[in-house]
> 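Shown below is the structure under consideration.
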Amino acid sequence: MAVALDDQLVTLTCDNCGDIVTGSGAPSGGEVVWTLLSEHGWSGSPLADGPHRCAHCTRLGPASDGVPGGVTGIEHLDGVTVVTIAGDVDLDTGDALELALRHATDMGGHVVVDLGRTDLIDSTALGLLVRAHHRVAERGATLCVATRSPLIRQVLRVTRLDEVFPLVETRADALAHLDDVTSDSTR
């Protein structure tokens, strides 16, 4: 988490996804950032040195590894937003994925959905991936799915979604693929 304080501005960075919000005026005592947090719907400590989460990540709930259907991270990396999921994604857990994908597509640029720690997705997740793909494609960007799971790869092949968006094995493969896509479009 980063908080930048100066005489005129306060800048907060979300601990979870790296999103940034800036407000005018120095906090009272140079330490209290509660006004900026509440104005933008963020959660966390009212002190500059405490944890903070943006409004989007607050709605997702706490990130926790290994929780079924859990969104364990949203990262913004050089024009690519990476959404990392762990556990099963189904009707009961699809809401968190929907919020994360909406945030990722709203950020602009390419999107990677890292299902590296996911073994099961159902029609709910497939529908969410297709909708996210359409939102990303409307902007001329690409959604890429990373998974080694034989079951998920089979589901994406049978539904022919592997022909709709790139399907790779790892997050690193996805980032390399999107780097190639970006390089090809600038030539």
Side-chain angles (χ1 to χ4, degrees), residues 1-2 12-21 52-54 56-57 59-89 93-94 96-121 124-187:
M1 194 277 304
L12 294 175
T13 303
C14 177
D15 290 325
N16 193 49
C17 72
D19 204 7
I20 295 173
V21 65
H52 301 103
R53 291 177 59 142
C54 70
H56 169 75
C57 291
R59 285 192 308 271
L60 286 178
S64 57
D65 291 341
V67 172
V71 175
T72 61
I74 301 172
E75 300 170 78
H76 307 292
L77 309 168
D78 297 327
V80 177
T81 302
V82 179
V83 177
T84 305
I85 311 296
D88 300 343
V89 181
T93 58
L97 179 58
E98 181 176 23
L99 285 171
L101 290 174
R102 181 159 306 281
H103 176 72
T105 59
D106 288 347
M107 293 304 296
H110 301 298
V111 174
V112 171
V113 180
D114 182 354
L115 299 173
R117 294 184 293 161
T118 304
D119 293 316
L120 175 74
I121 59 174
T124 301
L126 295 176
L128 293 171
L129 290 172
V130 169
R131 282 195 291 277
H133 160 74
H134 287 298
R135 286 193 302 269
V136 171
E138 286 173 358
R139 293 188 274 96
T142 301
L143 178 135
C144 188
V145 175
T147 183
R148 284 191 169 126
S149 166
L151 178 60
I152 293 175
R153 294 179 79 79
Q154 179 66 17
V155 167
L156 293 174
R157 272 193 297 276
V158 167
T159 58
R160 300 181 79 172
L161 289 175
D162 63 337
E163 298 172 13
V164 174
F165 42 74
L167 177 61
V168 297
E169 289 197 0
T170 68
R171 168 190 169 130
D173 294 340
L175 293 171
H177 174 79
L178 293 173
D179 189 45
D180 291 344
V181 167
T182 301
S183 296
D184 289 345
S185 69
T186 57
R187 290 181 195 164

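Just so we're clear, the structure is a prediction, and the values are computed from it rather than from any experiment. Numbering of residues begins at 1 and proceeds along the displayed sequence.
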> Which heavy atom in T118 sits nearest to a heavy atom in G87, and how many Å separate them?
CG2-O, 2.9 Å

> Any side-chain to backbone donor/acceptor pair from H110 onto V80? Under 3.5 Å, distance only.
no

> For side chain to side chain contact (heavy atoms under 4.5 Å, CB included), just list the numbers for V168 and C144, CA-CA rounded to whole Å, side-chain angles, deciding distance to a tenth of an Å, and then say yes or no.
CA-CA 8 Å; V168 297; C144 188; 3.9 Å; yes

> Only one of V145, L143, T142 forms a side chain to side chain contact (heavy atoms under 4.5 Å, CB included) with P166, so which one is it?
T142

> What are the two closest heavy atoms between A141 and G109, and how far apart are they?
CB-O, 3.4 Å

> State, yes or no, whether a side-chain contact exists between R117 and T84 at a heavy-atom distance under 4.5 Å.
yes

> With T81, which residues qualify under side chain to side chain donor-acceptor pair (under 3.5 Å), at least two apart?
H76

> If a pair satisfies side chain to side chain donor-acceptor pair (under 3.5 Å) and one of its residues is in residues 132-141, list it, with sequence neighbours excluded.
T105-R135

> Output every pair passing side chain to side chain donor-acceptor pair (under 3.5 Å) with a member in residues 154-166, not counting sequence neighbours, ordered by first then second residue.
Q154-R157, R160-E163

> Let me see the working for R153 and L167 under side chain to side chain contact (heavy atoms under 4.5 Å, CB included), right down to the final yes or no.
CA-CA 8 Å; R153 294 179 79 79; L167 177 61; 3.7 Å; yes

> To the nearest 0.5 Å, how far apart are CD1 in I121 and CG in L129?
6.0 Å

> Within a strict 4.5 Å, meaning less than it, do heavy atoms of the L161 and V130 side chains meet?
yes

> How long is the gap from CG on D173 to CG on D114, to the nearest 0.5 Å?
10.5 Å

> Who pairs with T124 by side-chain contact (heavy atoms from CB on, under 4.5 Å), at least two apart in sequence or on another chain?
L91, D122, L128

> Under 6.0 Å from the CG atom of D106, do we count more than 12 heavy atoms belonging to anything else shown?
yes

> Between A125 and L97, what is the shortest heavy-atom contact and its length?
CB-CD2, 4.3 Å

> I'd like to know whether L126 forms a side chain to side chain contact (heavy atoms under 4.5 Å, CB included) with V155, so could you lay out the CA-CA distance, the side-chain angles of the two residues, the decisive distance to 0.1 Å, and finally the verdict.
CA-CA 9 Å; L126 295 176; V155 167; 3.8 Å; yes

> Under the rule for side-chain contact (heavy atoms from CB on, under 4.5 Å), what residues qualify as partners of L77, not counting sequence neighbours?
E75, V82, R171, L175

> How long is the gap from CG on L120 to CD1 on I152, to the nearest 0.5 Å?
7.0 Å

> Holding to salt bridge (charged side-chain N to carboxylate O under 4.0 Å, His left out), I want the full list of residues that pass it with R148, two or more places apart in sequence or in another chain.
E169

